[in-house]
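Below, chain A is the first sequence line, B the second, and so on; all start at residue 1. On a predicted model such as this, the values are computed, not experimentally measured, just so you know. Just so it is clear, the values below take in all heavy atoms, side chains as well, and ignore hydrogens, waters and symmetry mates.
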Number of protein chains: 2
Amino acid sequence: MAIKERKEREKQEMRNLIIESATQLFLKQGYDKTSIRSIADDIEYSPATIYLYFKDKDEIFYVIHENAFDLLDKELRKHDAIADPFERLGAIGRTYIRFGLENPDYYDLMFIMRAPMEQIKNEEKWKAGECAFGYLLTTLSECLEQKKIRPADLHVTAIMVWSFVHGLVSLYVRERMCILMMPDDATRGVLYNSFDLFMANLKT
Amino acid sequence: MAIKERKEREKQEMRNLIIESATQLFLKQGYDKTSIRSIADDIEYSPATIYLYFKDKDEIFYVIHENAFDLLDKELRKHDAIADPFERLGAIGRTYIRFGLENPDYYDLMFIMRAPMEQIKNEEKWKAGECAFGYLLTTLSECLEQKKIRPADLHVTAIMVWSFVHGLVSLYVRERMCILMMPDDATRGVLYNSFDLFMANLKT
DNA sequence: TGCATTTACTAAACAGTGTTTATTATATTC
DNA sequence: GAATATAATAAACACTGTTTAGTAAATGCA
């Protein structure tokens, strides 16, 4: 009965269609303005149809959340070739920051929004996320082994590094850095200089 | 005509009543679940009445936003007496983190949410915020003068410190630190250890 | 092929949201 | 006491996410 397989394939295609439309609308208008009705309009189906393929709005954005992590992961792993772990750490950090500034809506979904976390907490997922964080842990443990950075607990160091770059990006994308009262490019300059200073302080 | 003054007073009292109710509901249930209707219910007026005293929901939460900054500012300035600026910086940092963890909804409104920022950007306000950030700048400039921390640009250093503690708090309150797969108190332990490590790295 | 059943889809409704408008009741002024 | 200004509201508007009941088409079986 190949008919069942075709049905399964069609179901998956419909899910993809919804996700593609949702992603495109989300990146254009953000989470709040992307309503189930606007997605339904876009794919030319009724709103109720979407609920045949996804439990609720959160489930849709959880898929986008996963895709975004795959994207970030790919970006970060581009620095795999850098032999020196401290140099690699710097490259990873700068790429992380750039990713956040260039994809503020993705960054929001991944690290700021509360909504899609409901899905994640219960399950053993957080897959790609674990992956990117795992990459940070690996790089930092190399740095520690080779005494490129000051000796300290691995997890404590990882949380320090991640919190710092996350702080930079999230204060910027949520427009709190306007406290500097500088034009936008000057603010970005301070941001990147701040990262360099952090790395210098980290160095042995 | 004292009657006009009484009217003015009554208007202010009504505004206070709304703000008090909104604050209480907000701290109990968060921003999204605090609807205009629920505030109206609480103060036993119709929803439309609220719009006679506030332009929109954002304006209400902008007032709460200001109050929250006053609260944080008061907490931070408790360390005024600490003579050594580096020690004072540490105390300020730990208090900032504790404030965030103990008042996650206030912290959200102050540093994470997008909503009330619309009010702020245009005006010259951001008052109390400027104040708390100003306090950080003062303390850091003393640290730099007395060579307690590594020499660097003041604003770059300030953004580094603020971004770091904000990163710690916001990753925690938005439940991203669950990546550590540790029980909650262990996570908090890592968080505070991470702050101590940061301070050690900052030291001359 | 014809009928029963499952599947895919949707119109309409439900319970909410922030906000506006037209109306009423009260208080103030002349 | 009549005219006017003020305060409050009921009802509606335009949205939101989600559910329910009903329809039309595709499938399974005789």
Side-chain angles (χ1 to χ4, degrees), chain A residues 1-19 21-23 25-26 28-65 109 113-119, chain B residues 1-19 21-23 25-26 28-65 109 113-119:
Chain A
M1 291 285 136
I3 197 160
K4 237 173 190 168
E5 287 159 30
R6 196 206 66 208
K7 282 269 161 104
E8 188 55 41
R9 209 171 53 236
E10 280 175 355
K11 189 142 195 162
Q12 197 47 247
E13 272 168 25
M14 188 63 164
R15 275 182 69 98
N16 288 344
L17 186 66
I18 294 168
I19 289 296
S21 165
T23 305
L25 289 171
F26 164 69
K28 204 187 291 173
Q29 332 172 322
Y31 181 85
D32 283 336
K33 281 186 182 166
T34 305
S35 65
I36 297 291
R37 279 174 178 81
S38 70
I39 299 171
D41 260 29
D42 189 54
I43 62 172
E44 296 177 298
Y45 280 84
S46 85
T49 302
I50 290 174
Y51 286 88
L52 301 174
Y53 296 90
F54 293 93
K55 185 178 135 280
D56 55 22
K57 197 184 171 186
D58 279 5
E59 199 176 272
I60 296 173
F61 281 88
Y62 173 60
V63 177
I64 299 177
H65 183 270
L109 201 64
M113 276 186 48
R114 227 189 286 265
M117 291 311 284
E118 301 308 310
Q119 300 284 335
Chain B
M1 289 283 140
I3 196 158
K4 236 173 190 167
E5 287 157 29
R6 197 206 66 207
K7 283 269 164 105
E8 188 55 42
R9 211 170 52 235
E10 281 175 353
K11 189 142 193 161
Q12 198 47 247
E13 272 167 26
M14 188 63 164
R15 275 181 69 98
N16 288 344
L17 185 68
I18 294 169
I19 289 295
S21 165
T23 305
L25 289 171
F26 165 69
K28 204 188 292 171
Q29 333 172 320
Y31 181 85
D32 283 336
K33 282 186 182 166
T34 305
S35 64
I36 297 291
R37 279 173 179 82
S38 70
I39 299 170
D41 259 29
D42 188 55
I43 62 172
E44 296 178 297
Y45 280 83
S46 85
T49 302
I50 291 175
Y51 286 88
L52 300 174
Y53 297 89
F54 293 94
K55 186 178 134 278
D56 54 22
K57 196 184 172 185
D58 279 6
E59 200 177 271
I60 296 174
F61 282 88
Y62 173 61
V63 176
I64 299 177
H65 182 271
L109 200 65
M113 276 185 47
R114 227 188 287 265
M117 290 313 283
E118 301 308 312
Q119 301 284 336

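- Here the C1' atom of nucleotide D:dA26 and the CD atom of A:E10 are 10 Å apart, to the nearest Å.
- Using modelled atom types, one side-chain atom of A:R15 and one backbone atom of A:Y53 make a donor-acceptor pair closer than 3.5 Å.
- Within 4.0 Å of A:S38, counting heavy atoms only, lies no atom of the nucleic acid at all.
- Side chain B:R37 to base C:dG16: no donor-acceptor pair is found below 3.5 Å.
- Atoms CG (B:D32) and P (C:dA15) sit 21 Å apart, rounded to a whole Å.
- Here the CD1-CD1 distance, from B:I43 to B:I18, works out to 4.5 Å after rounding to the nearest 0.5 Å.
- Whole-Å rounding puts the A:I50 CD1 to C:dA11 C1' distance at 15 Å.
- Between the NZ atom of B:K33 and the P atom of C:dG18 there is a distance of 14 Å, rounded to whole Å.
- Neither OP1 nor OP2 of D:dA10 sits under 4.0 Å from any side-chain N or O of B:S46.
- In this model, the phosphate group of C:dT17 is approached by a side-chain N or O of B:S35 to a distance below 4.0 Å at OP1 or OP2.
- The nucleotide whose nearest atom lies closest to any side-chain atom of A:I36 is, among D:dT19, D:dT18, D:dT9, D:dT18.
- Partner of A:S21 under the side chain to side chain donor-acceptor pair (under 3.5 Å) criterion, chosen from A:T34, A:D42, A:N16: A:D42.
- Distance CG (A:D56) to C1' (D:dT19): 13 Å, rounded to an integer number of Å.
- Nearest to the side-chain atoms of A:L52 among the listed nucleotides C:dT19, C:dC9, D:dT9 stands C:dC9.
- Rounding to whole angstrom units, OH of residue A:Y53 and P of D:dG17 are separated by 19 Å.
- The nearest whole Å value for the distance from the CZ atom in A:R15 to the C1' atom in C:dA8 is 16 Å.
- At most 12 non-hydrogen atoms from other residues, nucleotides or ligands lie less than 6.0 angstrom from CD of B:E44.
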Criterion side-chain contact (heavy atoms from CB on, under 4.5 Å) on A:K11 and A:M14, from CA distance to verdict: CA-CA 5 Å; A:K11 189 142 195 162; A:M14 188 63 164; 5.8 Å; no

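- Atom pair B:K11:NZ and D:dT6:C1' shows a separation of 9 Å (rounding to whole Å applied).
- Remark: A:Y51 is not in phosphate contact with D:dT20, judged by side-chain N or O atoms under 4.0 Å from OP1 or OP2.
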